[in-house]
Amino acid sequence: QVQLVESGGGLVQAGGSLRLSCAASGRTFSSYVLGWFRQAPGKEREFAAATSWSGASTYYADSVKGRFTISRDNAKNTVYLQMNSLKPEDTAHYYCAASDSYDDYTKPRTYRYWGQGTQVTVSS
């Protein structure tokens, strides 16, 4: 079992930065693929970023590539999403998720555990 708790969301102006954190419980944290997804009102949940169990491999949606950075600290059972050059279209509820599967990491169905999410609002 893995429990995930996100933090770090808030209101920021366009061009600004935020860092999201996701603290996890569970002894096998280091064996999970970790991802960040986001969902805007009226839209489907979409993939933003993911990292392999070691953190050596990272993956990004085209919409955030070059602006967002995912990282993990297995010693602290925490995964981060550094978001720079934020745009109004980045406004969404951001979710952290964990997967013990090696299926398509961009699909929500691959992830077994989810946090409650944290809201990010970017004003223009």
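A cation-pi arrangement, defined by a distance under 6.0 Å to the six-membered ring centre and an angle within 45 degrees of its axis, is absent between R72 and Y80.
Note that the CZ atom of R45 and the CZ atom of R38 stand 13.5 Å from one another [nearest 0.5 Å]. Atom CD in E6 sits 5.5 Å away from atom SG in C96 (nearest 0.5 Å). Note that OG of S99 and CG of L34 are 9.0 Å apart. Values are rounded to the nearest 0.5 Å. Atom OG of S7 sits about 13.5 Å away from atom CD of Q116, to the nearest 0.5 Å. One finds the CG atom of D103 at 10.5 Å from the OH atom of Y111 (value rounded to the nearest 0.5 Å). In this structure, CZ on R109 lies 8.5 Å from OG on S101, to the nearest 0.5 angstrom.
A continuous path of Ile, Leu, Val, Met, Phe, Trp and Tyr side chains, each step under 4.5 Å between heavy atoms, connects L20 with V12, placing both in one hydrophobic cluster.
Residue V2 comes nearest to A24 through the heavy atom pair CG1-CB, 4.2 Å, listed as atom of the first residue, atom of the second, then distance.
Using cut-offs of 30° and 60° for the angle between ring planes, the Y32 and Y113 rings count as perpendicular.
With R67 contributing its side chain and S85 its backbone, the two residues share a donor-acceptor pair below 3.5 Å. When atom types are taken as modelled, the side chain of Q82 and the backbone of I70 share no donor-acceptor pair closer than 3.5 angstrom. Using modelled atom types, no side-chain atom of S124 and backbone atom of P88 make a donor-acceptor pair closer than 3.5 Å. Side chain of T91 to main chain of T121: no donor-acceptor pair is present (N/O by atom type, distance under 3.5 Å, no hydrogens or angles).
No donor-acceptor contact under 3.5 angstrom links the side chains of D73 and T78, judged on distance only.
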Q.
Determine whether Q119 and H93 satisfy the following criterion, side chain to side chain donor-acceptor pair (under 3.5 Å), listing intermediate values before the conclusion.
A. CA-CA 4 Å; Q119 179 66 32; H93 207 69; 3.2 Å; yes
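Side-chain rings of W114 and F37 approach one another, their centers coming within less than 6.0 Å. Within the 6.0 Å centre-distance limit, the rings of Y105 and F47 are counted as a close aromatic pair.
Side-chain contact between V122 and Q13 is absent, with no heavy-atom pair separated by less than 4.5 Å. Side-chain contact between C22 and W36: present, with at least one pair of heavy atoms (C-beta onward) separated by less than 4.5 Å. Inter-residue side-chain proximity for Y59 and T106 is flagged as unmet; no heavy-atom pair is nearer than 4.5 Å. Between L86 and L18, the closest side-chain pair of non-hydrogen atoms falls below 4.5 Å.
Under 4.0 Å is where a charged nitrogen must lie from a carboxylate oxygen, and between K65 and D62 at least one such pair does.
The residue from T69, D90, V120 that alone fulfils the side-chain contact (heavy atoms from CB on, under 4.5 Å) condition with M83 is V120.
Around atom CD of Q3, no more than 12 heavy atoms belonging to other residues, nucleotides or ligands sit under 6.0 Å away.
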